[in-house]
Amino acid sequence: GQQLNQSPQSMFIQEGEDVSMNCTSSSIFNTWLWYKQDPGEGPVLLIALYKAGELTSNGRLTAQFGITRKDSFLNISASIPSDVGIYFCAGLIYNFNKFYFGSGTKLNVKP
Amino acid sequence: GAVVSQHPSWVICKSGTSVKIECRSLDFQATTMFWYRQFPKQSLMLMATSNEGSKATYEQGVEKDKFLINHASLTLSTLTVTSAHPEDSSFYICSARGRWNQPQHFGDGTRLSIL
């Protein structure tokens with residue numbers, strides 16, 4: 001199957017710092033999604049990207065659809081303790097019936 | 001926004017019991033539903049994809065006779081873990097999607113513990 005390489009695997013940062021994580025692949029994707037999962041809950045959609053080069057914000061979160069369509073990144077500015085969780089990227093390839101998920105980035109924020 | 005309801009959220013039962021998990025899309029028609037399994041500190045592992053009214057497509061290594069999936073309507077899919085054993089203990093999450101390129105929306109998951 002298609003492989004998404006998500007990095008970093010985990011991050012430990014201080015409250016107020018900015019965070020950046022990304023997903024890369026050798027395949028071309030038509031849609032990129034970013035989710036956040038809190039412990040014991042299902043992932044919640046943060047941002048959806050549909051066009052190469054697209055830059056979309058959701059509050060302190062900003063995500064971009066890479067121009068090559070093989071990558072995407074998520075930035076979180078001025079992190080706060082409630083940003084703690086696991087962030088997943090997901091990519092959709094045209095004609096495939098499912099999204100492929102990255103392995104997740106575990107974010108820890110120290111107050 | 002799109003809401004997916006998953007029930008129950010927690011199940012504890014004896015080995016050999018069959019367990020049914022329901023997944024409902026509350027405010028949209030889910031053409032496709034997905035069932036995932038997640039082990040602690042790991043990513044989502046897709047088990048199967050189901051389209052309304054047709055048989056589910058299982059990922060390699062997932063036993064279709066063990067994990068029965070029914071997608072009887074555009075708002076409901078069920079996963080039945082038949083004759084569950086301790087190794088089936090896991091966090092099961094469903095998700096639902098409208099059109100093919102629309103985002104998937106997830107339920108809150110079901111924690112299954114088999115004693």
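Labels below follow one simple rule: chain letters A, B, ... track the order of the sequence lines, proteins then strands, and each chain is numbered from 1. Keep in mind that the numbers below use all heavy atoms, side chains included, and drop hydrogens, waters and symmetry copies.
- For B:Glu59, the part lying near chain A is the side chain, with the backbone staying farther off; criterion is any non-hydrogen pair under 4.5 Å.
- Only the side chain of A:Phe88 comes within contact range of chain B, with heavy atoms under 4.5 Å apart.
- Looking only at distances, a side-chain donor or acceptor of B:Ser43 sits under 3.5 Å from a matching main-chain atom of A:Gly102.
- Ranked by heavy-atom pairs under 4.5 Å with chain B, the list A:Ser103, A:Ala48, A:Pro43, A:Gly104 is led by A:Pro43.
- Residue A:Leu61 is grouped with residue A:Val19 when hydrophobic side chains (ILVMFWY) are merged at heavy-atom distances under 4.5 angstrom, including chains of intermediate members.
- When all heavy atoms of B:Pro103 and A:Tyr35 are compared, the pair lying nearest together is C-OH, 4.3 Å.
- Residue B:Lys66 qualifies as enclosed at atom NZ: its count of foreign heavy atoms under 6.0 Å is above 12.
- Taking hydrophobic clusters as Ile, Leu, Val, Met, Phe, Trp and Tyr residues chained together by side-chain heavy-atom distances below 4.5 Å, A:Tyr100 shares a cluster with A:Leu74.
- No single ILVMFWY cluster, assembled from side-chain heavy atoms under 4.5 Å apart, contains both B:Met33 and B:Tyr58.
- Heavy atoms of A:Gln6 lying under 4.5 Å from chain B are absent altogether.
- Heavy atoms only, all atoms of each residue included: B:Arg97 and A:Leu92 are closest at NH1-CD1, 4.5 Å.
- B:Val81 and B:Val62 end up in the same hydrophobic cluster when Ile, Leu, Val, Met, Phe, Trp and Tyr side chains are linked at under 4.5 Å.
- Annotation: A:Gln9, atom CD; neighbour count of heavy atoms from other residues, nucleotides and ligands within 6.0 Å does not exceed 12.
- A single hydrophobic cluster is seen to contain both B:Phe91 and B:Leu44, as judged by linkage of ILVMFWY side chains at heavy-atom distances under 4.5 Å, directly or through other members.
- Closest approach of A:Phe99 and B:Gln102 over heavy atoms only: CE1-O, 3.6 Å.
- Contact check for B:Phe106 versus A:Gln37: no side-chain heavy atoms found under the 4.5 Å cut-off.
- When heavy atoms are compared at a cutoff of 4.5 Å, B:Gln60 does not approach chain A at all.
- Side-chain rings of A:Phe101 and B:Tyr36 approach one another, their centers coming within less than 6.0 Å.
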